[in-house]
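Every heavy atom of this structure was used, including side-chain atoms; hydrogens, water molecules and symmetry mates were not.
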Amino acid sequence: MLASAIVWDPSKGIDLGFFMIRYYSLMYLVAFTLGWYLMKNILERERMGQKELDAIFMYTVIAVLAGARLGHVIFYQPELFVEDPLSIILPARFVPEFEFTGFQGLASHGAAIGVILAMYFYSKKVVKKPILWTLDRVVIPVASGGVFIRIGNFINSEIIGKPTNSDYGVIFAQLGEDFARHPAQLYEAGCYVIVFIILMFLYWKTNKREKLGFIFGVFLVLLWSVRFFVEFLKEAQVENRATWALNTGQWLSIPFIIIGLYLIFRKPKTTSATA
């Protein structure tokens with residue numbers, strides 16, 4: 001036994017006998033609930049009401065879940081389109097036998113793309129403002145949500161870190177291992193807390209919210225830089241890509257970082273711009 005390592009062996013959820021409430025699903029519930037509260041305060045500041053709040057909540061929930069699921073399948077498991085297509089849209093797998101899996105196989109890059117697309121339609125149809133105005137605000141609850149999703153990954157003993165080759169780290173007992181790994185999920189969650197605090201400060205305490213795209217750009221640079229560097233401590237999610245110099249998550253993060261840098265340093269545009 002490694003004296004200073006933490007042995008991690010939690011249950012998957014709350015067993016009600018006929019049904020199990022998975023902790024990972026609960027983390028999504030917490031993320032969406034906190035996101036609703038944060039967005040409510042932001043929209044109240046912008047003198048908007050329940051109509052705009054209800055709409056952005058609906059758009060975001062659908063975009064995150066659909067985008068994250070499709071992103072995972074496209075980027076990491078494209079074989080599901082042929083082998084088990086129903087598992088792409090339903091919280092269960094059907095091959096080789098039926099099993100209720102809950103929310104599993106969700107990719108943050110796909111969620112990001114889904115949210116951007118959803119905010120385009122929300123901006124045009126609901127608030128009648130430029131999409132960057134909406135993105136500057138919605139990324140604040142999105143950053144907070146990322147914290148709880150990574151905690152959910154830790155609870156599930158998934159997206160694991162590489163072995164530490166020392167007494168430091170976490171032993172994921174459910175994987176049948178007796179050696180310590182980096183708790184990469186918690187590293188990422190902790191960094192997302194910092195990203196969230198920075199975005200909150202920029203929106204509430206500075207006038208940067210008046211520069212279209214600035215807060216969104218900061219979000220892209222900080223969040224995806226965190227993802228890029230933490231990936232060095234993670235095991236490859238696709239086994240046959242383990243020898244790549246940069247893994248899939250890192251390659252997908254680079255375009256977001258570049259776009260973010262452009263938005264931060266481009267010629268200033270204010271919220272008075274037309275949609």
Side-chain angles (χ1 to χ4, degrees), residues 22-46 48 52-69 71 103 106-119 122 127 131-156 158-159 183-206 208-209 213-230 249 253 256-257 260 263:
R22 294 179 179 269
Y23 293 126
Y24 187 52
S25 298
L26 284 177
M27 290 299 100
Y28 263 88
L29 179 61
V30 171
F32 285 131
T33 301
L34 177 59
W36 179 90
Y37 175 78
L38 292 168
M39 206 65 213
K40 178 176 183 291
N41 289 335
I42 290 171
L43 291 179
E44 285 178 351
R45 177 175 186 162
E46 304 294 345
M48 295 185 181
E52 291 81 8
L53 178 62
D54 290 344
I56 200 169
F57 182 76
M58 179 185 69
Y59 275 71
T60 303
V61 170
I62 294 173
V64 167
L65 295 179
R69 183 57 182 155
F103 293 117
L106 303 172
S108 56
H109 295 90
I113 295 171
V115 168
I116 292 171
L117 291 174
M119 292 308 101
Y122 173 81
V127 294
I131 182 176
L132 289 176
W133 183 93
T134 304
L135 290 172
D136 281 336
R137 287 147 181 79
V138 78
V139 292
I140 298 174
V142 167
S144 71
V147 176
F148 296 99
I149 302 312
R150 284 297 177 249
I151 292 174
N153 295 140
F154 181 74
I155 293 172
N156 274 2
E158 61 189 9
I159 312 182
Q185 313 96 320
L186 299 184
Y187 298 161
E188 206 166 337
C191 290
Y192 289 168
V193 171
I194 297 172
V195 173
F196 168 69
I197 292 172
I198 292 172
L199 297 179
M200 285 283 284
F201 176 80
L202 289 174
Y203 178 77
W204 290 100
K205 301 297 184 181
T206 76
K208 292 298 184 182
R209 66 183 176 278
F214 183 88
I215 295 177
F216 178 52
V218 171
F219 165 83
L220 291 177
V221 171
L222 292 182
L223 186 132
W224 298 111
S225 291
V226 167
R227 178 69 186 270
F228 183 90
F229 288 109
V230 173
S253 297
F256 287 107
I257 296 171
L263 291 172

Show me the donor-acceptor pairs within less than 3.5 Å that the side chains of residues 32-43 make with the rest of the protein, sequence neighbours left out.
{"unit_1": "Thr33", "atom_1": "OG1", "unit_2": "Leu29", "atom_2": "O", "d": "2.8"}
{"unit_1": "Lys40", "atom_1": "NZ", "unit_2": "Glu44", "atom_2": "OE2", "d": "2.7"}

Problem set entry | Contacts of Ile194 that satisfy side chain to side chain contact (heavy atoms under 4.5 Å, CB included) - sequence neighbours left out |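 Testing Ile194 for side chain to side chain contact (heavy atoms under 4.5 Å, CB included), a comparison that skips the adjacent residues, returns Ile198.
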Exercise. For residues 140-149, which residue pairs qualify under side-chain hydrogen bond (donor to acceptor under 3.5 Å, both in side chains), counting only residues two or more places apart or in two chains?
Worked result: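 Sorted pair list comes back empty.
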Give me the atom names and distance for the closest heavy-atom approach of [X] to [Y].
| X | Y | answer |
| --- | --- | --- |
| His109 | Ser253 | NE2-OG, 3.1 Å |
| Tyr122 | Ala55 | CE1-CB, 3.7 Å |
| Arg209 | Tyr203 | NH1-O, 2.9 Å |
| Gly213 | Leu132 | N-CB, 3.9 Å |
| Gly114 | Ala63 | O-CB, 3.3 Å |

Side chains of [X] and [Y], heavy atoms from C-beta outward: is any pair under 4.5 Å?
| X | Y | value |
| --- | --- | --- |
| Ile155 | Tyr24 | no |
| Phe196 | Ile140 | yes |
| Arg137 | Trp133 | yes |

Exercise. Step by step, would you call Val115 with Val139 a side chain to side chain contact (heavy atoms under 4.5 Å, CB included)?
Worked result: CA-CA 9 Å; Val115 168; Val139 292; over 6 Å; no
Exercise. How long is the gap from CD1 on Ile56 to OG1 on Thr134, to the nearest 0.5 Å?
Worked result: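 Going from the CD1 atom of Ile56 to the OG1 atom of Thr134 covers 6.0 Å.
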Problem set entry | Pairwise distance CD(Gln185) to CD1(Ile159) - rounded to 0.5 angstrom |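 It comes to 7.0 Å.
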Who passes ring pair (Phe, Tyr, Trp, His ring centres under 6.0 Å) against [X], sequence neighbours left out?
| X | answer |
| --- | --- |
| Tyr192 | none |
| Phe154 | Trp8, Phe172 |
| Phe148 | none |

Exercise. Mind checking what makes side chain to side chain donor-acceptor pair (under 3.5 Å) contact with Tyr187, not counting sequence neighbours?
Worked result: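 Tyr187: side chain to side chain donor-acceptor pair (under 3.5 Å) contacts with Tyr168, His182.
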Return all side-chain donor-acceptor pairs below 3.5 angstrom for residues 215-230, not counting sequence neighbours, or 'none' if the list is empty.
{"unit_1": "Ser225", "atom_1": "OG", "unit_2": "Val221", "atom_2": "O", "d": "2.5"}
{"unit_1": "Arg227", "atom_1": "NE", "unit_2": "Glu231", "atom_2": "OE2", "d": "2.5"}
{"unit_1": "Arg227", "atom_1": "NH1", "unit_2": "Ser108", "atom_2": "OG", "d": "2.5"}
{"unit_1": "Arg227", "atom_1": "NH2", "unit_2": "Glu231", "atom_2": "OE2", "d": "3.4"}

Exercise. Salt bridge (Lys or Arg N to Asp or Glu O under 4.0 Å): which pairs involve residues 142-153, sequence neighbours left out?
Worked result: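 Checked against salt bridge (Lys or Arg N to Asp or Glu O under 4.0 Å) - neighbours excluded - the pairs reaching residues 142-153 are Arg150-Glu188.
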